[in-house]
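One structure below.
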Amino acid sequence: MSQITLGCWDIRALGESIRMILEYCGVDYEDKRYQMFGEPPNVDTSQWFDVKFKLGLEFPNLPYLIDGDVKMTQQWAIMKYLARKFGKLLPKSEEETRRCDMAQEVERDLWTAIVRMLFSPDIIEAKTIFLEETVPKQLEAFEKFLSDKDWMAGATLTYVDFEICERLDVLTEMKSDCLDKYPNVKKYKERFFALDKIAAYRRSERFKEYPIFAQVAKWGYKKEN
């Protein structure tokens, strides 16, 4: 059985939830991290772009996954593939499936807002608006949703939780107390990162807390004091 290869920029964004799924499933995998060199505006991305169209990917992009004859890209597609392959982290009913589908779209909205903030001309103003207006609205919705559920699907841990909890962790890096007013959300995040295999991964040298985003973004490349 060939080793699975995950290809991604050497950052947490887009790739970390996949890494955590592989860790949770106990997979021996190659974590192929592509580097960006230099500082904006002169960032060298050739390490990836020199091979981008030479790997046999149908839609060349990062992250990618190579599993024997299977070669695929796109974060959510990879996460769902791994859940099916290992028979874990899948919703167990139509109702749970609908919740997973909705949560995925909600996370996409949050991700879009994060990216918009990261590349805003005025990062200070954009970050303030994001944390004081966008994030509370999202957390209020999560708080209500999780009032009677352990996980996004309900009683079942699924691939969606890996991405949602990664996003929540990034939010607490931006503002350490941002979950304090939302006890259900805070307990949900704590519950996830207390999972044995996730906790072990986060304690290991395989886990990189930073960079969260590449140096071309205006936040998340280095930990702030």
- Query: Hey, is the main chain of Tyr221 close enough, under 3.5 Å, to the side chain of Gln215 for a donor-acceptor pair?
  - Reply: no

- Does CG in Asp69 sit with more than 12 non-hydrogen atoms of other residues, nucleotides or ligands closer than 6.0 Å? no

- Query: Closest approach of Glu143 and Pro183, non-hydrogen atoms and distance?
  - Reply: OE2-CD, 3.2 Å

- Query: Shortest non-hydrogen contact from Tyr188 to Asp150?
  - Reply: CD1-O, 3.3 Å

- Message: Taking Lys144's backbone N and O only, do any of them form a donor-acceptor pair with Asn184's side chain (distance below 3.5 Å, no angle check)?
- Response: no

- Message: A side-chain contact here means heavy atoms from C-beta on lying under 4.5 Å apart; do Trp9 and Thr45 qualify?
- Response: yes

- Task: Measure across Cys8 and Ala13 and return the closest heavy-atom pair with its distance rounded to 0.1 Å.
- Result: SG-O, 4.0 Å

- Message: Please check this pair: side chain of Ser204 against backbone of Tyr201, looking for a donor-acceptor N/O pair closer than 3.5 Å.
- Response: yes

- Item | 4.5 Å side-chain heavy-atom contact, Ile11 and Met36 | no

- Same apolar cluster (I L V M F W Y, side chains within < 4.5 Å links), Met102/Tyr159: no

- Query: With Lys189, which residues qualify under salt bridge (charged side-chain N to carboxylate O under 4.0 Å, His left out), at least two apart?
  - Reply: Asp169

- Item | From CA spacing to verdict: side chain to side chain contact (heavy atoms under 4.5 Å, CB included), Lys208, Asp10 | CA-CA 9 Å; Lys208 293 185 178 183; Asp10 188 18; 3.3 Å; yes

- Query: Which atom names give the shortest non-hydrogen contact between Trp48 and Pro60, and what distance separates them?
  - Reply: CZ2-C, 4.5 Å

- Work out which heavy atom in Ile18 is nearest to a heavy atom in Pro63; give both atom names and the distance. CD1-CG, 3.8 Å

- Query: Below 4.0 angstrom, N of the basic side chain to O of the carboxylate: do Lys85 and Asp67 qualify?
  - Reply: yes

- Query: Is there a salt bridge (Lys or Arg N to Asp or Glu O under 4.0 Å) between Glu190 and Lys187 once you walk through the steps?
  - Reply: CA-CA 5 Å; Glu190 292 172 348; Lys187 289 177 184 177; over 6 Å; no

- Does the side chain of Leu6 come within less than 4.5 Å of Glu30's, by heavy atoms? no

- Query: Out of curiosity, Leu171 CG to Leu179 CG, how far, rounded to the nearest 0.5 Å?
  - Reply: 7.0 Å

Ignoring hydrogens and angles, write down the donor-acceptor pairs under 3.5 Å from the side chains of residues 124-134, residues two or more places apart or on other chains.
| from | atom 1 | to | atom 2 | distance (Å) |
| --- | --- | --- | --- | --- |
| Thr128 | OG1 | Ile124 | O | 2.9 |

- Message: On a heavy-atom basis, which atom in Val43 and which in Glu39 lie closest, and how many Å separate them?
- Response: CG2-C, 3.6 Å

- Task: Apply the test side chain to side chain contact (heavy atoms under 4.5 Å, CB included) to residues Arg19 and Phe207: give CA-CA distance (whole Å), side-chain angles for both, the deciding distance (0.1 Å), then the verdict.
- Result: CA-CA 9 Å; Arg19 294 183 188 105; Phe207 172 65; over 6 Å; no

- Message: Side chains of Leu90 and Thr156, heavy atoms from C-beta outward: is any pair under 4.5 Å?
- Response: no

- Task: Salt-bridge test for Lys223 and Glu173: reply yes if a basic N is under 4.0 Å from a carboxylate O, no otherwise.
- Result: yes

- For the atom pair NZ (Lys222) and CD1 (Ile212), what is the distance rounded to the nearest 0.5 Å? 14.0 Å

- Message: Can you tell me how the ring of Tyr210 sits relative to the ring of Trp219, calling it parallel under 30°, perpendicular over 60° and tilted otherwise?
- Response: perpendicular

- Output yes when a side-chain donor or acceptor of Asp161 lies under 3.5 Å from a complementary backbone atom of Thr158, and no otherwise. yes

- Between Glu163 and Arg167, is there a salt bridge with N-O shorter than 4.0 Å? yes

- Message: For a 4.5 angstrom cut-off between non-hydrogen side-chain atoms, does Gln75 reach Ser17?
- Response: yes

- Output for pair (Cys100 SG, Lys80 NZ), nearest 0.5 Å, gives 9.0 Å

- Verify the cluster assignment for Val216 and Val170: are they in a single hydrophobic cluster under the rule of side-chain heavy atoms below 4.5 Å apart? yes

- Message: Counting only heavy atoms not in Asp196 (residues, nucleotides, ligands), do more than 12 fall under 6.0 Å from its CG?
- Response: no

- Between Phe193 and Arg202, is there a cation-pi geometry (under 6.0 Å to ring centre, at most 45° from the normal)? yes

- Item | Expected output: side-chain Ser176 to main-chain Thr172 donor-acceptor under 3.5 Å | no

- side chain to side chain contact (heavy atoms under 4.5 Å, CB included) assessment of Arg116 paired with Thr112: CA-CA 6 Å; Arg116 188 181 300 116; Thr112 300; 3.5 Å; yes

- Message: Looking at Glu105 and Arg108, is there a salt bridge between them, counting it only when a charged N and a carboxylate O are closer than 4.0 Å?
- Response: yes

- Item | Step-by-step side-chain hydrogen bond (donor to acceptor under 3.5 Å, both in side chains) determination, Glu96 to Trp151 | CA-CA 10 Å; Glu96 288 195 344; Trp151 307 109; over 6 Å; no

- Query: From Asp101 CG over to Met152 CE, what is the distance, rounded to the nearest 0.5 angstrom?
  - Reply: 14.0 Å

- For Glu107 and Ile164, indicate whether the former's side chain and the latter's backbone hold a donor-acceptor pair under 3.5 Å. no

- State yes or no: do Tyr81 and Leu55 share one hydrophobic cluster built from I, L, V, M, F, W and Y residues joined by side-chain heavy-atom distances below 4.5 Å, directly or via other members? yes

- Message: Evaluate Leu65 against Leu82 for side chain to side chain contact (heavy atoms under 4.5 Å, CB included), listing each step before the verdict.
- Response: CA-CA 10 Å; Leu65 187 91; Leu82 292 172; 4.0 Å; yes

- Mind checking salt bridge (charged side-chain N to carboxylate O under 4.0 Å, His left out) for Lys186 and listing every partner two or more places apart, or none if nothing turns up? Asp180

- Query: Do Phe37 and Phe49 share a hydrophobic cluster (ILVMFWY, side-chain heavy atoms under 4.5 Å, transitive)?
  - Reply: no

- Would you mind reporting whether Arg12 and Glu209 have side-chain heavy atoms less than 4.5 Å apart? yes

- Task: Indicate yes or no for a side-chain donor-acceptor contact from Thr73 to the backbone of Phe59 under 3.5 Å, with no hydrogens or angles considered.
- Result: yes

- Report, as yes or no, whether the 6.0 Å neighbourhood of atom NZ on Lys149 holds more than 12 heavy atoms from other residues, nucleotides or ligands. yes

- When you look at CD of Glu58, are more than 12 heavy atoms from neighbouring residues, nucleotides or ligands closer to it than 6.0 Å? no

- Query: Say you draw a straight line from NZ of Lys137 to CG of Leu139; how long is it, rounded to the nearest 0.5 Å?
  - Reply: 12.5 Å

- Query: Is the ring centre of Tyr24 less than 6.0 Å from the ring centre of Phe162?
  - Reply: yes

- Message: Between Ile66 and Tyr29, is there a side-chain heavy-atom distance shorter than 4.5 Å?
- Response: no

- Does the Glu23 side chain pair with the main chain of Ile198, one donor and one acceptor, at a distance under 3.5 Å? no

- Non-hydrogen side-chain atoms of Tyr182 and Glu140 separated by less than 4.5 Å: yes

